[in-house]
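Report on the structure given below.
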Amino acid sequence: MRSLLACFVLTVALGACATAPGPAATGAGSAAAGAEIGSRQVVGETAGEQPIPEQVAQAAADDWAQSDADDFGPEPDENDPLEIPNRMFFAFNEALDFAVIRPIAVTYRFIVPSGVRNSVRNFLRNLRSPVVLANDLLQGDLERAETTAARFFINSTIGLLGLFDIAADSGYPYHSEDFGQTLGTYGAGEGFYLVLPIFGPSSLRDAGGLVVDTLIDPLTYIAPEGVGIARGVATGVDLRSRTIDELDELKRDSLDFYARIRSLYRQNRESEINNGAPPADAPEFSVLPEGEDSSGADQSSAVVD
């Protein structure tokens, strides 16, 4: 009986070993299956068949897993480390402009004729001529300094204390200079971006320049304090009355009004420092890159025309 039972167990064990695939067989079968799937994919691609949706989803998942999780959107602006308080002051200025400054500017533009508004601007510009002249001299620009001095003399006499810009008609156009621009001409960087309460966008360099301009302005010492405040208010209202439509349109077209104003301020300051000239590193499109055929450029210009 024991011999019969042993023979039965041995027979079952041998049968199981014979039917179960070994490791080699399993590997071969997997390779064969992979080859078959690969051949089907090749055939399908050759025949113009679309890939299986599950394969596309798996490939997308693999690409997503291998992507850099931190590479989403632009990096924060390195030149605006005070962005949070800057946005707070920007919101304060926006509220002040909405409640007070803009309504006054709109009323001023509506009531006061354009000729009178131009005379007010001319008068304010003439008052600031000593500051412009000082910065012209500090920059070593004698030609522009001569223009500023001639404008101040002509407009203060014939132009009735600057109410009429006679100098512009005489070949002495107006230009503005400040100590922030003077520092920029000597290579001083703008520093980090700032939003000043009431004064608006600025930078570390330009904010310091604003203080220096106040110190070198003769009216700071010879005029009562109320005159300086009145001049600042009049300058702000006049400037705001001339930018009402532009700022309204800019706000409507901007996804981030703060970032747009910051960018425009930097571009404008760079232009003022260069006196309107393009930056030194700007590409010269009139010069063809090395190896470029001039005939190709002519053909491209012909297509554009």
Side-chain angles (χ1 to χ4, degrees), residues 89 92-93 95-139 144-168 172-183 194-203 205-244 247 265 268-269 272:
F89 286 126
F92 168 78
N93 290 341
L96 182 64
D97 179 76
F98 176 79
V100 179
I101 300 177
R102 189 182 185 279
I104 294 177
V106 171
T107 305
Y108 172 73
R109 188 178 68 172
F110 180 76
I111 295 178
V112 180
S114 60
V116 178
R117 285 188 277 117
N118 290 336
S119 294
V120 171
R121 181 182 62 178
N122 295 334
F123 178 75
L124 294 172
R125 285 178 171 179
N126 195 62
L127 287 179
R128 200 173 180 276
S129 294
V131 177
V132 177
L133 177 61
N135 283 284
D136 286 334
L137 294 175
L138 288 174
Q139 295 176 22
R144 289 167 71 90
E146 181 182 355
T147 299
T148 302
R151 283 182 53 83
F152 183 69
F153 177 77
I154 294 173
N155 289 339
S156 298
T157 55
I158 305 177
L160 302 178
L161 299 179
L163 292 176
F164 302 97
D165 193 358
I166 307 299
Y172 298 100
Y174 169 78
H175 69 272
S176 178
E177 293 290 344
D178 55 65
F179 195 72
Q181 294 173 244
T182 299
L183 293 176
L194 287 175
V195 177
L196 302 178
I198 301 177
F199 290 94
S202 183
S203 65
R205 178 194 62 202
D206 295 338
L210 182 64
V211 176
V212 175
D213 287 336
T214 303
L215 295 177
I216 64 179
D217 190 350
L219 286 181
T220 304
Y221 308 100
I222 64 177
E225 183 178 356
V227 174
I229 296 176
R231 183 178 67 165
V233 172
T235 302
V237 172
D238 177 74
L239 178 61
R240 188 65 180 93
S241 67
R242 299 176 186 276
T243 58
I244 293 175
L247 285 179
Y265 173 78
N268 181 67
R269 289 300 288 173
E272 289 178 340

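Hydrogens, waters and symmetry mates are skipped; everything else that's a heavy atom, side chains included, is used. Predicted model only: the values in this text are computed from it and were never measured.
- You'll find the side chain of T182 stays beyond 4.5 Å of the side chain of R205, heavy atoms only.
- Between I104 and R240, every side-chain heavy-atom pair lies at or beyond the 4.5 Å cut-off.
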D165/R121 under salt bridge (Lys or Arg N to Asp or Glu O under 4.0 Å): CA gap, chis, key distance, verdict = CA-CA 10 Å; D165 193 358; R121 181 182 62 178; over 6 Å; no
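- Closest non-hydrogen pair, I244 versus V106, comes out as CD1-CG2, 3.6 Å.
- Using a 4.5 Å heavy-atom threshold, the side chains of H175 and E177 count as touching.
- Y265 and D206 form a side-chain donor-acceptor contact under 3.5 Å, judged by distance and modelled atom types alone.
- Between the side chain of T220 and the backbone N or O of I216 there is no donor-acceptor pair closer than 3.5 Å.
- Few gaps surround OH on Y108; more than 12 heavy atoms of other groups in view lie less than 6.0 Å from it.
- The structure places CD1 of I166 at 9.5 Å from OG1 of T157, a figure rounded to the nearest 0.5 Å.
- Contact detail for N155 and F164: the closest heavy-atom pair is OD1-O, 3.3 Å.
- In this structure the side chain of V212 never reaches within 4.5 angstrom of the side chain of D178, judged on heavy atoms.
- Nearest approach of L210 to T214, heavy atoms of both residues: O-OG1, 2.9 Å.
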Report the C-alpha distance between R242 and R109 in whole Å, list the side-chain angles of each, state the deciding distance to 0.1 Å, and finish with yes or no for side-chain contact (heavy atoms from CB on, under 4.5 Å).
-> CA-CA 8 Å; R242 299 176 186 276; R109 188 178 68 172; over 6 Å; no
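- No more than 12 heavy atoms of other residues, nucleotides or ligands lie within 6.0 Å of CZ in F110, so this atom counts as exposed by the packing criterion.
- For the pair R128/S176, a side-chain contact is recorded, criterion being any heavy-atom separation below 4.5 Å from C-beta on.
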Intermediate values then yes/no, salt bridge (Lys or Arg N to Asp or Glu O under 4.0 Å), D238 and R117 = CA-CA 7 Å; D238 177 74; R117 285 188 277 117; over 6 Å; no
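- Of the inter-residue distances, the one linking F89 atom CZ with F199 atom CZ reads 13.0 Å to the nearest 0.5 angstrom.
- Checked by atom type and distance alone, the side chain of D136 never pairs as donor or acceptor with a backbone atom of V131 at under 3.5 Å.
- Atoms CD1 and CD, from I229 and E225 in turn, are 5.0 Å apart once rounded to the nearest 0.5 Å.
- Expressed to the nearest 0.5 Å, how far CG of N122 lies from CG of L163 amounts to 8.0 Å.
- Annotation for L161 and F123: closest pair O-CD1, 3.2 Å, computed over non-hydrogen atoms.
- Note that R125 lies in the cation-pi zone of Y174, set by a 6.0 Å cut-off to the ring centre and a 45° limit from the axis.
- Residues V195 and S202 have side chains not in contact (no heavy-atom distance under 4.5 Å, counting atoms from C-beta outward).
- Taking 4.5 Å as the limit, some side-chain heavy atom of F152 sits within range of a side-chain heavy atom of N126.
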For the pair L127 and R231, evaluate side-chain contact (heavy atoms from CB on, under 4.5 Å) and give the outcome as yes or no after the intermediate values.
-> CA-CA 9 Å; L127 287 179; R231 183 178 67 165; 3.9 Å; yes
Would N135 and D213 satisfy side-chain contact (heavy atoms from CB on, under 4.5 Å), going step by step from the backbone distance to the final call?
-> CA-CA 9 Å; N135 283 284; D213 287 336; 3.4 Å; yes
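- Among all heavy-atom pairs drawn from I198 and N93, the shortest one is N-OD1, 2.8 Å.
- Note: S119 OG to L124 CG = 11.0 Å, rounded to the nearest 0.5 Å.
- Residues A207 and L194 share a closest heavy-atom pair of CB-CD1, 4.2 Å.
- With no hydrogens or angles considered, a side-chain donor-acceptor pair links N268 and E272 at under 3.5 Å.
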I101 vs V237, side-chain contact (heavy atoms from CB on, under 4.5 Å): CA-CA, chis, key distance, verdict | CA-CA 7 Å; I101 300 177; V237 172; 5.6 Å; no
